[in-house]
Colleague: 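The structure follows.
Because only heavy atoms are used, hydrogens play no part in the values below, and waters and symmetry mates are left out as well, while side chains stay in. Just so it is clear: chains get the letters A, B, ... in the order the sequence lines come, proteins before strands, and each one is counted from 1.
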2 protein chains.
Amino acid sequence: MELTERKKKILRAIVDCYIQTAEPVGSKAIAAMPGMDVSSATIRNEMADLTEMGYLEQPHTSAGRIPSPAGYRLYVNELMEGYRLSIDETQSLNEAMELKLQEFDKVMTQVGKMVSNWTNLPAYAVTSRVGQLPTVKHFEILSADTGSFILVVMTNTETVKNKLIKLPLNIQEQDLKLLSAVLNASLTDLSAEQITPEILSKIRKSAGAAADLVPIIVDYTVRVLQEQQHSDVYLTGQMKLLGQPEYRDVEKAQEVLSTLDEEVIANLPAPTDGPVQILVGPENIAKELKDTSVVMTRFDIGDGMQGMIGVVGPTRMDYAQVTARLSYFAEGLGRMFGKNELPPAKEPDGGTE
Amino acid sequence: MELTERKKKILRAIVDCYIQTAEPVGSKAIAAMPGMDVSSATIRNEMADLTEMGYLEQPHTSAGRIPSPAGYRLYVNELMEGYRLSIDETQSLNEAMELKLQEFDKVMTQVGKMVSNWTNLPAYAVTSRVGQLPTVKHFEILSADTGSFILVVMTNTETVKNKLIKLPLNIQEQDLKLLSAVLNASLTDLSAEQITPEILSKIRKSAGAAADLVPIIVDYTVRVLQEQQHSDVYLTGQMKLLGQPEYRDVEKAQEVLSTLDEEVIANLPAPTDGPVQILVGPENIAKELKDTSVVMTRFDIGDGMQGMIGVVGPTRMDYAQVTARLSYFAEGLGRMFGKNELPPAKEPDGGTE
DNA sequence: AATTAGCACTCAGGGATGACGAGTGCTAAA
DNA sequence: TTTAGCACTCGTCATCCCTGAGTGCTAATT
């Protein structure tokens with residue numbers, strides 16, 4: 001059977017309608033829509049065809065139709081109309097993106113919350129490193145108070161971490177100089193695995209008065225490096241799922257959310273084709289997610305740092321809207337972190353070029 | 001009417017039982033408990049008395065009794081038996097507390113998650129500063145790559161923050177030295193409000209080659225200071241609430257959780273009397289939380305940094321257990337951050353004293 | 001005086017029943 | 001090819017009744 005233009009039009013109308021109402025849609029409702037110039041009986045016939053072709057399903061003999069996974073797939077691939085962010089929306093999004101403090105993990109949690117609020121669905125953000133193993137690029141040790149030192153570790157992934165070390169040692173400025181020289185000489189360009197106990201004791205021997213600081217520093221350094229390899233998952237707004245009619249049943253919501261824990265999310269297949277990828281129902285990994293879809297998009301913020309943001313929702317979700325908003329966020333992230341930062345130019349004459 | 005020992009014993013049994021089952025408890029069930037040497041009829045009489053005295057309630061004429069708020073209050077104040085953490089529990093808790101990276105906000109989210117997992121309830125963690133306004137104690141600027149600088153800001157609250165600044169400027173080592181000298185001279189001991197545009201332009205004038213860095217740095221500094229004043233709220237495990245029978249109704253769970261948003265939590269009255277405070281039902285702020293209790297405890301980790309951790313749950317929650325676990329976490333936090341850190345002493349001969 | 005057994009009473013919960021209505025498929029007419 | 005008409009299906013909702021757990025009261029017992 002052929003998929004005529006009219007069939008497509010009807011299918012789209014059905015999916016659109018179902019997305020709004022979450023209830024099986026009947027022939028009469030479709031016939032009543034503006035732009036539909038045929039009677040409900042005709043629609044019925046077409047719907048019967050679409051059902052036969054596998055794009056629609058019938059929950060029971062005498063209910064309306066709901067889109068099948070294949071129907072959704074067709075919808076997101078061909079039928080869906082792009083959702084245009086309204087001016088209001090872009091404004092609010094822009095305001096929201098002006099994050100207070102640009103620490104990366106805080107930003108990720110913030111972005112997660114925002115995506116979740118904007119889509120009214122649970123959202124996740126995954127960060128991951130690509131490229132070479134993280135290594136140390138540079139150490140710096142500053143003395144703070146008596147017995148307090150600040151260790152600053154820079155890695156090749158352009159991350160800078162610091163730690164305040166409080167130890168009842170009295171060390172001279174020159175000892176710290178020596179210590180950082182030794183550290184830089186011995187540990188630069190090493191990855192976490194390459195830092196062996198032998199190296200540690202070697203450093204310790206040459207560290208002079210600051211020898212007791214060495215184990216702490218090395219320990220911290222290794223942790224920083226290890227943490228760089230990890231990908232972090234931020235999952236927020238789980239409760240939003242309860243707002244969706246298909247998850248009014250607590251059991252179901254719990255099932256979905258316990259299946260989609262941070263572990264699983266971290267291992268979701270990264271989107272490859274196109275900016276936004278949509279996983280519809282059974283295409284997903286676990287069979288518990290049968291009625292669940294995942295929409296996700298990649299972001300890339302340079303320095304070997306990239307990740308995904310996405311949302312989880314019922315198969316019947318407003319793909320167009322969600323897609324538009326997700327992409328907007330991903331772009332925004334790229335804009336925020338990817339480029340070199342320019343001063344806010346609060347003063348007149350702010351030229352840095 | 002007098003509250004005899006036997007009445008107390010019965011009340012305790014009722015609350016204990018209700019905590020387990022979440023269902024109204026009848027006289028027969030109590031009479032059957034070990035240690036109860038009277039018949040169900042006697043229990044019934046006592047229960048009638050307790051109801052009259054306001055400690056019990058009857059959902060309807062012919063159901064068992066449930067504790068009233070007053071009953072809970074009496075229970076947590078006098079009747080509750082201390083829950084002893086089992087060795088298994090303390091061990092697991094200890095393991096869990098060995099957090100990977102000791103950045104403070106990560107630790108807080110981690111602690112939130114752990115508390116939530118251990119109590120099976122939504123948990124929150126609130127941090128707050130006490131004492132003087134945050135001011136800058138020390139600046140340090142390190143040059144990283146060509147055109148990359150690391151700004152390290154230390155505040156009087158013993159916090160150290162850093163930021164990687166990428167600007168296409170080529171600045172010599174000595175310029176940075178000058179810059180940090182100027183910054184330290186001009187901004188030390190100032191709070192966020194005291195950093196005026198005048199000061200900014202003064203610094204800028206004296207900063208020499210690095211003048212273009214100044215606005216960024218000052219901007220960041222102000223943000224760091226402002227952030228220090230904020231109290232952060234970490235709320236996790238909201239979904240746990242759905243596991244509790246009284247919140248199987250989605251509406252109710254949503255209501256409670258939307259009432260108890262981060263805003264509200266941040267403004268919960270800080271516990272004053274004793275280590276753990278319990279807010280039972282109507283004692284709480286909003287009437288939506290009628291059937292909800294909050295158990296919270298303070299922690300104090302020195303350096304003017306303190307906060308609360310707590311859980312939210314049905315009025316019928318296992319107060320004894322929750323209390324014990326919360327205190328344990330609070331203690332652990334104090335232990336982790338309060339004391340000076342000693343090296344892990346992986347090498348033999350690790351004496352730092 | 002306190003405790004207990006017995007009994008009538010109450011009421012929420014759960015299954016059965018039936019009316020209702022939205023939606024369908026089919027047929028015949030346009 | 002489209003449409004009107006009609007019989008049929010089946011989920012939803014309201015109603016009803018039954019069951020059982022639990023109570024309060026009274027009278028007997030210790």
Colleague: With sequence neighbours left out, what residues match A:Glu246 under salt bridge (charged side-chain N to carboxylate O under 4.0 Å, His left out)?
Modeller: A:Arg316
Colleague: Does D:dT2 have OP1 or OP2 under 4.0 Å away from a side-chain N or O of A:Thr42?
Modeller: no
Colleague: Do A:Ile309 and A:Val111 come within less than 4.5 Å of each other through their side chains, counting heavy atoms only?
Modeller: yes
Colleague: Roughly how many Å is it from CG in A:Asn45 to P in D:dA4, rounded to a whole number?
Modeller: 13 Å
Colleague: Heavy-atom distance under 4.5 Å between the side chains of A:Glu262 and A:Tyr124, does that happen here?
Modeller: no
Colleague: Report all interatomic pairs (protein N or O, nucleotide N or O of nucleotides 6-8 of chain C) with separations under 3.5 Å.
Modeller:
| residue | atom | partner | partner atom | Å |
| --- | --- | --- | --- | --- |
| C:dG6 | O6 | B:Arg44 | NH2 | 3.3 |

Colleague: Rounded to whole angstroms, how far apart are CD1 on B:Ile14 and P on D:dG22?
Modeller: 12 Å
Colleague: Within this structure, what is the CG-to-P distance between B:Asp49 and D:dT23, rounded to whole angstrom?
Modeller: 14 Å
Colleague: Just to verify, what does B:Asn117 make a side-chain hydrogen bond (donor to acceptor under 3.5 Å, both in side chains) with, not counting sequence neighbours?
Modeller: B:Lys240
Colleague: Can you tell me how far C1' of D:dT2 sits from CE of A:Met36, to the nearest Å?
Modeller: 15 Å
Colleague: Listed by chain and number, what are the side chain to side chain contact (heavy atoms under 4.5 Å, CB included) partners of A:Glu81, not counting sequence neighbours?
Modeller: A:Arg12
Colleague: Can you tell if the side chain of A:Met296 reaches within under 4.5 Å of the side chain of A:Val126, non-hydrogen atoms only?
Modeller: no
Colleague: Please enumerate all residues that pass salt bridge (charged side-chain N to carboxylate O under 4.0 Å, His left out) together with B:Glu263, with sequence neighbours excluded.
Modeller: none
Colleague: Can you name the side-chain hydrogen bond (donor to acceptor under 3.5 Å, both in side chains) partners of A:Gln91, sequence neighbours left out?
Modeller: none
Colleague: Take the protein atom CE of A:Met47 and the nucleotide atom P of C:dG25, then report the distance between them rounded to whole Å.
Modeller: 8 Å
Colleague: For the pair B:Thr315 (side chain) and B:Asp291 (backbone), establish whether a donor and an acceptor sit closer than 3.5 Å, ignoring hydrogens and angles.
Modeller: yes
Colleague: Sequence neighbours left out, what passes salt bridge (charged side-chain N to carboxylate O under 4.0 Å, His left out) with A:Lys9? Give chain and number order.
Modeller: none
Colleague: By a strict heavy-atom criterion of less than 4.0 Å, which residues belonging to residues 15-30 of chain B are in contact with DNA chain C?
Modeller: none
Colleague: Find the distance A:Ile10:CD1 to C:dT24:P and express it as a whole number of Å.
Modeller: 12 Å
Colleague: Please give the angle, rounded to 10 degrees, between the axes at the start and the end of the helix from C:dA1-D:dT30 to C:dA30-D:dT1, where five pairs define each axis.
Modeller: 20°
Colleague: Tell me, do A:Pro314 and A:Leu121 make a side-chain contact under 4.5 Å, heavy atoms counted?
Modeller: yes
Colleague: For the pair made of CD in A:Glu46 and P in C:dG25, what is the distance, rounded to whole Å?
Modeller: 12 Å
Colleague: Any side-chain hydrogen bond (donor to acceptor under 3.5 Å, both in side chains) pairs touching residues 67-77 of chain A, not counting sequence neighbours?
Modeller: A:Asp16-A:Tyr75, A:Arg73-A:Asn77, A:Arg73-A:Glu283
Colleague: Name every residue in residues 50-66 of chain A that has at least one heavy atom under 4.0 Å from any atom of DNA chain C, in order of residue number, or write none if there are no such residues.
Modeller: A:Gln58, A:Thr61, A:Ser62, A:Ala63, A:Gly64, A:Arg65
Colleague: With sequence neighbours excluded, tell me which residues meet salt bridge (charged side-chain N to carboxylate O under 4.0 Å, His left out) with A:Asp49.
Modeller: A:Lys7
Colleague: Would you kindly give the CZ-to-C1' distance between B:Arg6 and C:dT4, to the nearest whole Å?
Modeller: 12 Å
Colleague: Looking at side-chain heavy atoms only, is the closest gap between A:Trp118 and A:Tyr328 below 4.5 Å?
Modeller: no
